[in-house]
Number of protein chains: 2
Amino acid sequence: MIERDVTDSLEPLDPEMFDPVCPSELMPIRVGDKWAGMIVQCLEGGPRRFSELRVPLRNITPKVLTQSLRALERDGYVVRTVHAGPARDVRYALTPLGRTLLGVLDVARAWAEDHLEEVMDAREAAARTGRHG
Amino acid sequence: MIERDVTDSLEPLDPEMFDPVCPSELMPIRVGDKWAGMIVQCLEGGPRRFSELRVPLRNITPKVLTQSLRALERDGYVVRTVHAGPARDVRYALTPLGRTLLGVLDVARAWAEDHLEEVMDAREAAARTGRHG
DNA sequence: CCGCATCCCGGATGATACTG
DNA sequence: CAGTATCATCCGGGATGCGG
């Protein structure tokens, strides 16, 4: 029998959840700040701890992660819960409002699958002909 | 009979097309850079001239508009056409790829209508309780 | 483990003035 | 009309280190 209380975690997040090679600079659609979209996706499966989030968001510094989380909290997308105890236990979870962003992210992903290659081609062509960089 | 050749314009753009009071800083979904989404909407009805675009984008400086347009051109969303002649005539138009962004913008608008008020409330509540701003 | 403080850099944005 | 050039500014993002 599998138990799940406040003390244990969900399945660990895939460290390779986000392809570092993915041309995110080509992506014209952004949700929140640079990390907000990825954070929201990390929280889709359930509440996560600060350090858990740092794994898929490779190299994110604590400061920047805190900034993004605070902004998400301030606007009502995320709730921060502190379970008091011998060891500090902080979890971040999506609110219903935060979950509405998942739909938007799906639209963004679908758009990317359909069109991102065209963007790559256009940018490459532009680079060859000069004029843009 | 209504004629429409290259020399005349479409209906002029509504100068109040974008509410300056609209809480755009609350909006978590962004398409392209700060101005790209608005530019794409301006071009929905057909090709537009540089100066036409400046009207609804009140206060945008030529430099910034040029930057946004160049970026949109570079990535294949917009084409720039120069009709030679006595008076210089430059038009910007959406490509088919650029038109695919209109759908995304519709999704963004729909999301905003459904949820932006919740964000306002959350932010206001956060401001009152301190901790965020 | 979680998060804040400080310092820093580069890019995005803008004001102003000038040009073909 | 359709931009360019220059300078100033602001802010996101990050490195590093400290504190509860």
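From a predicted model like this one, the values you see are computed outputs, not experimental measurements.
Although no hydrogens or angles enter the test, the distance criterion places no donor-acceptor pair under 3.5 Å between the side chain of B:Asp75 and the main chain of B:Tyr77. Not a single donor-acceptor pair under 3.5 Å links the side chain of A:Ser68 to the backbone N or O of A:Leu65. With A:Glu73 contributing its side chain and A:Arg70 its backbone, the two residues share no donor-acceptor pair below 3.5 Å. No side-chain donor-acceptor contact under 3.5 Å links B:Arg49 to the backbone of B:Asp89.
Of the side-chain N and O atoms in B:Tyr92, none sit less than 4.0 angstrom from OP1 or OP2 of D:dC1. Considering only side-chain N and O atoms, B:Arg70 lies nowhere under 4.0 angstrom from the phosphate OP1 or OP2 of D:dA2. Residue B:Arg80 has a polar side-chain atom (N or O) positioned under 4.0 Å from OP1 or OP2 of D:dG3. The phosphate of D:dA2 (OP1 or OP2) has a side-chain N or O of B:Arg49 nearer than 4.0 angstrom.
Regarding B:Leu69, its CG atom lies at a distance of 11 Å from the P atom of D:dT4, rounded to whole Å. When the P atom of C:dA12 is taken as reference, atom CD of B:Gln67 falls 8 Å away, rounded to whole Å. Protein atom NE2 of B:His83 is 14 Å distant from nucleotide atom C1' of D:dA2, rounded to whole Å. For the pair B:Asp33 CG and D:dC11 P, the computed distance is 18 Å after rounding to whole Å. In this structure, A:Lys34 atom NZ and D:dC11 atom P are separated by 19 Å, rounded to whole Å. Rounded to a whole Å, the CG atom of B:Leu53 is 10 Å from the P atom of D:dG3. Here D:dA2 presents its P atom at 13 Å from CZ of B:Arg48, a figure rounded to the nearest Å. Atom CD in B:Glu52 sits roughly 13 Å away from atom C1' in D:dA2 (whole-Å rounding).
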A:Arg48 and A:Arg91: CA distance, side-chain angles, deciding distance, side-chain contact (heavy atoms from CB on, under 4.5 Å) verdict: CA-CA 5 Å; A:Arg48 296 288 181 179; A:Arg91 306 282 172 125; over 6 Å; no

Test side-chain contact (heavy atoms from CB on, under 4.5 Å) applied to A:Val119 and A:Leu26, step by step: CA-CA 7 Å; A:Val119 177; A:Leu26 292 176; 4.1 Å; yes

Please list, for nucleotides 15-20 of chain C, all pairs of protein and nucleotide N/O atoms separated by less than 3.5 Å.
none

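Tracing side-chain contacts under 4.5 Å through hydrophobic residues (I, L, V, M, F, W, Y), one never reaches A:Phe50 starting from A:Val79; they form parts of separate clusters.
Across all strands, A:Val90 comes closer than 4.0 Å only to sugar-phosphate atoms, never to a base (heavy-atom distances).
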